[in-house]
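We count ligands from 1, going down the list as the structure has it; atoms in each ligand are counted the same way. Note that the numbering runs from 1 along the sequence shown for the chain. Predicted model only: the values in this text are computed from it and were never measured.
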Amino acid sequence: MAVVITVAQQKGGAGKTTLAANLAAALAGRRRVALLDIDPQRSLARWHGLRALHKTAAPILLSDVSGWRLAAELDRLRKDHDVLIVDSPPHIDTDAKLAVRSADLVLVPLQPSPPDLWAAEGTLKLAASEKRPARLVLNRAPAAGKLRQQVEADIARRGDLMLAATLGNRAGFASAFAQGLGVTETAPKSVAAAELLALLAEIEGIVG
Ligand SMILES: Nc1ncnc2c1ncn2[C@@H]1O[C@H](COP(=O)(O)OP(=O)(O)OP(=O)(O)O)[C@@H](O)[C@H]1O
Ligand SMILES: [Mg+2]
């Protein structure tokens, strides 16, 4: 049975799809990885289409089933894979609720800005009401700075949990995505890849 990781955040552009794609690419090859794209924008499915052009890229299965068939699809994908990563739209709809309910871990990416944190509240509340563990993931984070400090202090005050590993604002994430790959594949020695692997190690520590 797969470990299910759902990436959710109502704020558009927070980094959900980038995170889902890069985690999948880093795990592919050593785990049987499936991606489920329930966002009607289908960005992750497009990424996966580009990936198919790389004959040597480690295989990842992609499904974009949503709506009334979603529950059965989640069950099916869970049976045949080690990890299932679900990318969701920038709003909480019925599908996103089901994806959160099915998750072993909900990842909520946010950029270090108050609107991203405010937008994360709905997803964190939903995860709490479904009794699913959730972690904020700081994305496009500067190494230091007042805004980052302020957002981190707000998170700590509210008692929300954030992964210690963060992702910086790095062009490598966008350029790898444009090729249907992850940063660990396009630039394995880069800072971006090191950040991604640290994030993955922390996630594996939570879900096993
Ligand atoms: N760490 C990063 N460094 C640099 N660029 C990033 C990073 N994370 C995301 N981006 C860029 O930010 C944009 C939005 O990212 P992404 O599409 O992953 O967000 P999203 O939350 O999935 O958006 P949506 O809500 O529209 O689905 C993309 O152009 C992506 O390349
Ligand atoms: Mg997206």
Peer 1: Starting from atom 7 (C) of ligand 1, what is the nearest protein heavy atom, named by residue and atom, and what distance separates them?
Peer 2: Arg140 CG, 3.6 Å
Peer 1: What side-chain donor-acceptor pairs closer than 3.5 Å can you find for residues 11-23, not counting sequence neighbours?
Peer 2:
{"unit_1": "Lys16", "atom_1": "NZ", "unit_2": "Gln9", "atom_2": "O", "d": "3.1"}
{"unit_1": "Lys16", "atom_1": "NZ", "unit_2": "Lys11", "atom_2": "O", "d": "2.9"}
{"unit_1": "Thr17", "atom_1": "OG1", "unit_2": "Asp87", "atom_2": "OD2", "d": "2.6"}
{"unit_1": "Asn22", "atom_1": "OD1", "unit_2": "Val183", "atom_2": "N", "d": "2.7"}
{"unit_1": "Asn22", "atom_1": "ND2", "unit_2": "Thr18", "atom_2": "O", "d": "2.8"}

Peer 1: If the condition is salt bridge (charged side-chain N to carboxylate O under 4.0 Å, His left out), which residues does Glu204 pass it with, not counting sequence neighbours?
Peer 2: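 With neighbours one apart ignored, the set is Arg30.
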Peer 1: Looking at Val137 and Leu107, what are the two nearest heavy atoms and their distance?
Peer 2: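 Looking at all heavy atoms of both residues, the shortest contact is CG2-CD2, 4.0 Å.
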Peer 1: Which residue owns the protein heavy atom closest to atom 9 (C) of ligand 1, what's the atom, and how far is it?
Peer 2: Thr18 OG1, 3.5 Å
Peer 1: Run the numbers for me: atoms of ligand 1, each under 4.0 Å from some heavy atom of Asn169, listed by number.
Peer 2: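 Counting from 1, the qualifying ligand atoms are 3 (N), 4 (C), 5 (N).
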Peer 1: Can you tell me if CZ on Arg69 sees more than 12 non-hydrogen neighbours from other groups inside 6.0 Å?
Peer 2: no
Peer 1: For the pair Glu130 and Lys97, find out whether any cationic side-chain nitrogen is under 4.0 Å from an anionic carboxylate oxygen.
Peer 2: no
Peer 1: Which residue from Lys11, Glu195, Gln41 reaches closest to atom 27 (O) of ligand 1 through any of its heavy atoms?
Peer 2: Gln41
Peer 1: Would the distance check show the side chain of Gln111 and the main-chain N or O of Asn139 forming a donor-acceptor pair, the cut-off being under 3.5 Å?
Peer 2: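 Between the backbone of Asn139 and the side chain of Gln111 there is no qualifying donor-acceptor contact (under 3.5 Å).
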Peer 1: Just jot down the ligand 1 atoms closer than 4.0 angstrom to any heavy atom of Asp39, in number order.
Peer 2: 27 (O)
Peer 1: Work out whether the distance between some heavy atom of Phe177 and some atom of ligand 1 is less than 4.0 Å.
Peer 2: no
Peer 1: At their closest point, which heavy atom of Ala99 faces which heavy atom of Ile38, and how far apart are they?
Peer 2: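 Looks like CB-CD1, 3.9 Å.
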Peer 1: Does Arg32 use its side chain to pair, donor to acceptor, with the backbone of Asp80 at less than 3.5 Å?
Peer 2: yes
Peer 1: Where do Arg157 and Glu152 land on the salt bridge (charged side-chain N to carboxylate O under 4.0 Å, His left out) test, with the steps shown first?
Peer 2: CA-CA 9 Å; Arg157 191 173 319 119; Glu152 285 187 334; over 6 Å; no
Peer 1: Val83 and Val207: same hydrophobic cluster, using ILVMFWY side-chain contacts below 4.5 Å?
Peer 2: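 Per the 4.5 Å side-chain linkage, Val83 and Val207 are co-clustered.
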Peer 1: Everything protein-side that's N, O or S and under 2.8 Å from the Mg ion (ligand 2): list it, residue and atom.
Peer 2: Thr17 OG1
Peer 1: Give the atoms of ligand 1, by number and element, whose distance to some non-hydrogen atom of Pro90 is under 4.0 Å.
Peer 2: 25 (O)
Peer 1: For atom 19 (O) of ligand 1, grab the closest protein heavy atom and report residue, atom and distance to one decimal in Å.
Peer 2: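 Checked against all protein heavy atoms, atom 19 (O) of ligand 1 sits closest to Gly15 N, 3.1 Å.
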Peer 1: I'd like to know whether Glu195 forms a salt bridge (charged side-chain N to carboxylate O under 4.0 Å, His left out) with Arg170, so could you lay out the CA-CA distance, the side-chain angles of the two residues, the decisive distance to 0.1 Å, and finally the verdict.
Peer 2: CA-CA 10 Å; Glu195 288 174 341; Arg170 311 203 184 277; 2.6 Å; yes
Peer 1: Passes salt bridge (charged side-chain N to carboxylate O under 4.0 Å, His left out), Lys125 versus Glu121? Steps please.
Peer 2: CA-CA 6 Å; Lys125 270 198 191 128; Glu121 285 169 10; 5.1 Å; no
Peer 1: Which of the atoms of ligand 1 are close to Ala174, meaning less than 4.0 Å from one of its heavy atoms?
Peer 2: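 The list of qualifying atoms is 31 (O).
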Peer 1: I need the atoms of ligand 1 closer than 4.0 Å to a non-hydrogen atom of Gly12, numbered in the order shown.
Peer 2: 25 (O)
Peer 1: Before you tell me yes or no, could you show the steps for Thr123 and Gln10 under side-chain contact (heavy atoms from CB on, under 4.5 Å), namely the whole-Å CA-CA distance, both residues' side-chain angles and the distance that decides it to 0.1 Å?
Peer 2: CA-CA 7 Å; Thr123 307; Gln10 295 186 77; 4.1 Å; yes
Peer 1: Among all protein non-hydrogen atoms, which one is nearest to atom 8 (N) of ligand 1, and what is the separation to 0.1 Å?
Peer 2: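 So the nearest neighbour among protein heavy atoms is Asn139 ND2, 3.0 Å.
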Peer 1: Among all protein heavy atoms in this structure, tell me which lies nearest to atom 3 (N) of ligand 1, with the distance rounded to 0.1 Å.
Peer 2: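 Sorting protein heavy atoms by distance from atom 3 (N) of ligand 1 puts Arg170 N, 2.9 Å first.
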Peer 1: Considering only non-hydrogen protein atoms, determine which one is nearest to atom 23 (O) of ligand 1 and report residue, atom name and distance to 0.1 Å.
Peer 2: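 It is Gly13 N, 3.0 Å.
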Peer 1: Considering only non-hydrogen protein atoms, determine which one is nearest to atom 17 (O) of ligand 1 and report residue, atom name and distance to 0.1 Å.
Peer 2: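 The answer is Thr17 CB, 4.1 Å.
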Peer 1: If you measure from each heavy atom of Ala14 to ligand 1, is any distance below 4.0 Å?
Peer 2: yes
Peer 1: What's the shortest distance from atom 20 (P) of ligand 1 to any protein heavy atom, and which residue and atom give it?
Peer 2: Lys16 N, 3.5 Å
Peer 1: Can you find a non-hydrogen atom of Gly168 under 4.0 Å from ligand 1?
Peer 2: yes
Peer 1: Please write out which residues are connected to Ile155 in a hydrophobic cluster, directly or through intermediates, given that two of Ile, Leu, Val, Met, Phe, Trp, Tyr count as joined at side-chain heavy-atom separations below 4.5 angstrom.
Peer 2: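 Besides Ile155, the cluster holds Ile92, Val100, Val106, Val108, Leu110, Leu117, Leu124, Leu126, Leu136, Leu138, Val151, Met162.
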